Each structure stands twice: as structure tokens, then as C-alpha cells.
Amino acid sequence: MEFKEIFNPLKKCLGDGHDRPYFFRDLMAMITTVTEEEWGTEVDPNTKRIKDNTILNFIKRGLSKTFAQSIVNRLTPDILMERINERPLATREALARELSLYDESLDAENVAERVAAIMVRIITKSAGLLSEEEIEAKKTVVKSSAKKTKTNVSLDEADEIVARAFLISHEQEKELIPLCQIAFCYSPEHKHCRSMYTEFILLPPKIQRYILKACDAELLADMKSLFLEEALERFCADLEEYQLSTRRYLYMFNQYLYRAFDYYSDLDISNYDIYSFTNHIKSGTEIFKNADHSSIDKYIDDYLWMKENNIESDALPPMDYLWLEKDFGSCEEAELTFWLCRFVIDSCNNLYYRVKSCEFEMVYINDRYAETQEDLYYCALNSLYNLYMCHSSQE
């Protein structure tokens with residue numbers, strides 16, 4: 001069922017004569033604790049509220065992904081059920097009749113529970129997430145494909161010349177060739193800043209496989225089966241489990257991580273000093289033990305080392321420290337996206353080796369060869385992929 005299909009019966013039976021934008025706001029107040037100011041959609045400068053036209057567009061065409069992602073982690077289906085059950089019996093019977101086209105078993109007793117469940121499914125789907133059934137099915141696929149598969153790729157003479165020409169042309173970029181498969185999976189119709197990605201996307205699949213094999217960068221599992229939202233959800237759960245932050249940052253990663261690619265792909269990242277963090281933690285890593293400054297990667301590693309060895313310290317969790325150190329509240333958006341990519345890469349790589357051993361073989365990318373935010377964004381996707389696959393291959 002689509003949002004517009006459930007909204008109209010709800011409005012008819014529960015709207016109390018209010019107009020559609022008013023009832024939409026009322027409905028959202030029942031299904032989520034996220035306030036209108038946090039919806040992440042354009043605000044009318046005069047009223048400081050979401051434009052009525054935006055809401056009418058949601059009702060007509062469906063919830064936007066940005067909006068759904070802003071509320072999906074704070075849904076309150078129990079409140080929606082309670083509000084519906086507070087209505088008179090005649091109202092609930094009327095709502096059940098309105099929705100019987102989609103479910104003949106609806107009645108006054110179960111309509112509140114069913115409507116709440118439908119709303120959760122619609123919002124989850126709109127946010128790009130999967131249902132429990134889809135997640136379990138995907139896990140089965142991931143488990144079966146987690147082991148590295150060595151494939152023998154044979155080409156005819158003409159195709160082999162094309163493949164070798166590609167490898168020769170991009171010899172200086174060899175370390176980043178594994179990212180070509182990520183570009184192909186996630187942005188197959190995009191003209192990239194790094195021409196290597198675009199050229200790879202335009203090659204036939206058999207030539208792509210030959211190139212990846214030649215660089216020992218074969219696809220370890222079907223990256224197309226990995227939804228970025230799933231990987232971010234898993235990543236943020238790990239941040240919480242390993243106490244790398246005191247807040248849940250899924251919304252921020254969803255909203256801003258992609259902007260590194262969408263708006264700042266061609267931004268040169270050579271000017272960012274990754275060794276600009278004060279070395280507050282003195283760990284057992286001798287090479288940095290007495291250094292005044294280190295990287296966020298080192299900070300994360302030391303912080304996890306302290307936790308593993310039950311060492312008390314007043315050092316902030318890495319994400320909290322990064323937020324303060326780089327002033328995320330007021331820094332330029334391009335800088336924010338850079339450090340978010342950097343944090344994802346360094347956190348995932350550290351956590352990968354702390355997740356219990358698994359059969360999945362990490363797809364290693366030396367991110368020091370990244371030159372732009374486009375490269376760095378793909379490195380971040382690769383790191384999310386590694387961590388997610390490591391978890392999934394064990395479940």
C-alpha cells in the first residue's frame with residue numbers, strides 16, 4: 001500500500017474536518033517524535049514551517065526519502081494505535097470499511113494495529129530500508145557470496161587489448177581500481193571527476209572482471225545487494241556498541257555523507273591535515289606513544305584499546321571528540337563531509353578487526369591515494385561494505 005492510499009481514508013475518518021496539510025501534521029505527530037523543524041525539508045521563511053505544497057506533494061506522490069529518513073528511527077506506532085482506539089466504535093468501523101479494499105479482514109478491533117503497521121512499512125520503504133523478511137532473504141544471499149571467488153576470465157584478443165589498454169592508461173591509479181566496481185554499482189550513470197571510473201563503467205562486464213582480477217580486486221560479493229542504508233544502520237549500531245559516540249548519528253550520516261559525492265566530488269583533499277588531532281590518549285602503540293598529534297584513526301584505535309584493557313580515561317568518545325575538534329556545528333559543509341568520510345573509513349577499518357573472526361576477506365583500499373572527495377566517498381562506501389559483510393557472514 002502506498003502512502004496516498006492510506007492517507008485519504010485516514011483523513012476521511014479521522015480528519016475532523018481539517019484540511020489535508022493540517023491532518024498530515026497531526027498524523028506525523030502520532031507516528032513519530034521527530035518535530036516538524038527536524039523533517040529536513042524546505043521551510044517557508046515567513047511561517048518557519050514546512051510548505052503546504054511540499055506536504056500536498058507527499059500526499060499525492062508519496063513520502064520523500066529525505067523526509068522518511070529523518071523520522072524512521074523515531075517512530076511511535078503505539079501512539080498512533082492508541083489515538084485510533086480512542087475514537088468511537090463507529091469511526092473505527094468506518095475506517096476498517098474504507099481500507100477493506102486492501103485487507104478484507106480489517107474490523108474495528110484490529111484496524112488500529114494494522115494501520116500502525118502499514119504506516120511503519122511505508123515509512124521504512126520510503127527511507128530506502130528493508131522489511132524484516134527482505135533483510136533475512138538478503139542475509140542468505142550475503143552468506144553464500146561472502147567468500148572470495150576466484151574466477152577465470154578469458155577474453156578474445158580484441159577484448160584483452162581493451163582491458164590491457166585500460167590498465168596501462170591507469171597504471172598510476174592502480175591502487176584505486178577496486179573503487180571502480182563501487183562506482184559501477186552505485187553511480188553507473190554519473191560522469192565522474194576521475195575519468196577512470198567513467199571509463200570502467202562503460203566497459204563490458206567481462207572486461208571489467210578481467211581488469212579487477214588483474215589488480216587482485218575481484219568483487220567479493222554482489223555489492224548491488226548491499227543497500228547503503230543497511231550498512232549505515234549496522235555502522236551506527238557498532239558506534240553505539242563500542243561506545244565510539246554518545247549520540248546516534250544515523251540521520252547525519254544519511255543526510256551529509258552522500259553530499260561529499262553529490263556536491264564536492266572535485267574538491268581537492270590534499271589540504272586537509274589528518275594528523276591534526278591532539279594526542280590525549282597514551283596507548284601501548286609505541287610509534288605514537290609520545291607524539292603530540294595523531295590522526296583520528298589513531299585516536300579511535302587508542303580509544304578502543306583503552307576500553308578493551310579497562311583503562312579509565314576522561315578522553316571523549318571519538319565521534320564526540322571529532323565533532324568538537326572540527327566544530328561540526330558551524331564549519332563549512334565541504335569540511336564536514338570530508339571528516340565524515342574520514343571518520344567512517346577509520347572507524348570501520350578499526351572495528352573490522354575487532355568483530356569476531358569471519359570468513360569474509362576484506363576488500364582493502366589504500367585511501368592515501370585518494371585525491372578528491374569523490375575518491376574518499378567511494379573509500380567510505382568500501383569500508384562500510386567490509387564491515388557490513390563481516391557481520392553478515394557470521395549471522
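These figures come from a predicted structure and were not determined experimentally. Quick note: numbers below take in every heavy atom, side chains included, and nothing from hydrogens, waters or symmetry partners.
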Results of side-chain contact (heavy atoms from CB on, under 4.5 Å) for Glu5 - residues two or more places apart only: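 By the side-chain contact (heavy atoms from CB on, under 4.5 Å) rule, Glu5 matches Met1, Glu2, Tyr102.
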
[X] (side chain) donor-acceptor with [Y] (main chain) under 3.5 angstrom:
X	Y	value
Ser100	Arg97	yes
Asn85	Met81	yes
Glu160	Glu157	no
Glu36	Ile50	yes
Lys206	Asp159	no
Thr198	Lys191	no
Asn382	Tyr378	no
Arg194	Asp375	no
Asn8	Lys4	yes
Thr76	Ile31	yes

Arg92 side chain near Asn110 side chain, heavy-atom distance below 4.5 Å: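 No, too far: nothing below the 4.5 Å cut-off.
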
Heavy-atom side-chain proximity of Ile71 to Leu75 below 4.5 angstrom: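 They are in side-chain contact.
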
ILVMFWY network linking Ile274 to Phe328, side-chain heavy atoms under 4.5 angstrom: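 Yes.
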
Connected via hydrophobic side-chain network under 4.5 Å: Phe200 and Leu167: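 Linked, Phe200 and Leu167 end up in one cluster.
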
Parallel, tilted or perpendicular, as decided by the 30° and 60° cut-offs, for the rings of Phe261 and His190: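 Plane angle between 30° and 60°, so tilted.
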
Plane angle bin for Phe24 and Phe7 - parallel if under 30°, tilted between 30 and 60°, otherwise perpendicular: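 Ring orientation of Phe7 relative to Phe24: tilted.
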
Step-by-step side chain to side chain contact (heavy atoms under 4.5 Å, CB included) determination, Arg209 to Leu212: CA-CA 5 Å; Arg209 290 195 298 271; Leu212 293 173; 5.7 Å; no

Which residues share a ring-ring contact (aromatic ring centres under 6.0 Å, His included) with Tyr353, sequence neighbours left out: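 None.
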
ring-ring contact (aromatic ring centres under 6.0 Å, His included) partners of Phe235, counting only residues at least two apart: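 For Phe235 the ring-ring contact (aromatic ring centres under 6.0 Å, His included) partners, ignoring immediate neighbours, are Phe253.
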
I'd like to know whether [atom1] of [X] has more than 12 heavy-atom contacts from other residues, nucleotides or ligands below 6.0 angstrom.
X	atom1	value
Arg164	CZ	no
Tyr272	OH	yes
Arg61	CZ	no
Tyr22	OH	no

Single hit among Glu332, Lys326, Gln373, Glu333 for side chain to side chain contact (heavy atoms under 4.5 Å, CB included) with Phe338: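 Only match with Phe338 under side chain to side chain contact (heavy atoms under 4.5 Å, CB included): Gln373.
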
Pair Phe67 + Phe58: ring centers closer than 6.0 Å: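 For Phe67 and Phe58, the ring centres are under 6.0 Å apart.
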
Any side-chain donor paired with an acceptor under 3.5 Å for [X] and [Y]?
X	Y	result
Ser295	Arg342	no
Asp320	Ser245	no
Thr33	Arg74	yes
Thr372	Tyr264	no
Tyr352	His391	no
Asp297	Asn350	yes

Lys174 and Glu171: CA distance, side-chain angles, deciding distance, salt bridge (charged side-chain N to carboxylate O under 4.0 Å, His left out) verdict: CA-CA 5 Å; Lys174 184 177 179 180; Glu171 183 179 7; over 6 Å; no

Side-chain ion pair, Arg354 and Glu308, N-O less than 4.0 Å: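 Salt bridge flag = yes for Glu308 with Arg354.
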
Test: Asp16 and Lys11 ion pair at under 4.0 Å: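 Between Lys11 and Asp16 there is no salt bridge, as every charged N stays at least 4.0 Å from the carboxylate O atoms.
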
Trace of the side chain to side chain contact (heavy atoms under 4.5 Å, CB included) decision for Met28 with Trp39: CA-CA 10 Å; Met28 290 305 114; Trp39 286 357; 3.7 Å; yes

Step-by-step side chain to side chain contact (heavy atoms under 4.5 Å, CB included) determination, Leu257 to Cys341: CA-CA 7 Å; Leu257 192 62; Cys341 287; 3.7 Å; yes

Glu93 vs Asp107, side chain to side chain contact (heavy atoms under 4.5 Å, CB included): CA-CA, chis, key distance, verdict: CA-CA 6 Å; Glu93 288 177 340; Asp107 56 37; over 6 Å; no

